[in-house]
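Sequential numbering from 1 along the given sequence is applied to the chain's residues.
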Amino acid sequence: MNAYAPILVLGALGAGFAIFSVVMATLIGPKRYNRAKLEAYECGIEPTPTPAGGGRFPIKYYLTAMLFIIFDIEIVFLYPWAVTFDSLGVFGLVEMLLFVLTVFVAYAYVWRRGGLEWD
């Protein structure tokens, strides 16, 4: 346990600093909104006021996020599988083929819903 003490102390210090920074910014930060704060910053797109509930996001936003998560998870599983491929044998190959097939079904769903079209 003594070997992990510095890591735990560093994690506690980092979390404490993050919490302290957020709380202090909320307490002593300026709360005045003016026209300068609502100006576009380097992008040239004028900000539009959002409804009280936050507004609606297009479905393509969620499909893109889902596609990213699907392929991110696929890479997380494919890399260790590739490293230990020789020791897994046929069982590992069949399981990975089933996994890739499942990922392909999710990819086909996103493709069918139009998540890959950038209009």
Same apolar cluster (I L V M F W Y, side chains within < 4.5 Å links), Val22/Met24: no

Separation of Trp81 CH2 from Glu74 CD (nearest 0.5 Å): 10.5 Å

Pairwise distance CZ(Phe71) to CG(Leu78) - rounded to 0.5 angstrom: 10.5 Å

Interatomic distance, Met96 atom CE to Phe91 atom CZ [nearest 0.5 angstrom]: 10.5 Å

Spatial distance of atom CG (Asp72) from atom CG (Leu67) [nearest 0.5 Å]: 11.0 Å

Interatomic distance, Ile75 atom CD1 to Ile73 atom CD1 [nearest 0.5 angstrom]: 11.5 Å

Flag if over 12 foreign heavy atoms under 6.0 Å of CZ, Phe104: no

Cluster check Leu97, Val83: I/L/V/M/F/W/Y, side chain < 4.5 angstrom: no

Cluster check Phe20, Leu27: I/L/V/M/F/W/Y, side chain < 4.5 angstrom: yes

Leu10 reachable from Ile7 in the ILVMFWY side-chain graph, under 4.5 Å edges: no

Cluster overlap Phe77 with Leu98, hydrophobic side-chain contacts below 4.5 Å: no

Separation between CG of Leu8 and CG of Leu13, rounded to the nearest 0.5 Å: 11.0 Å

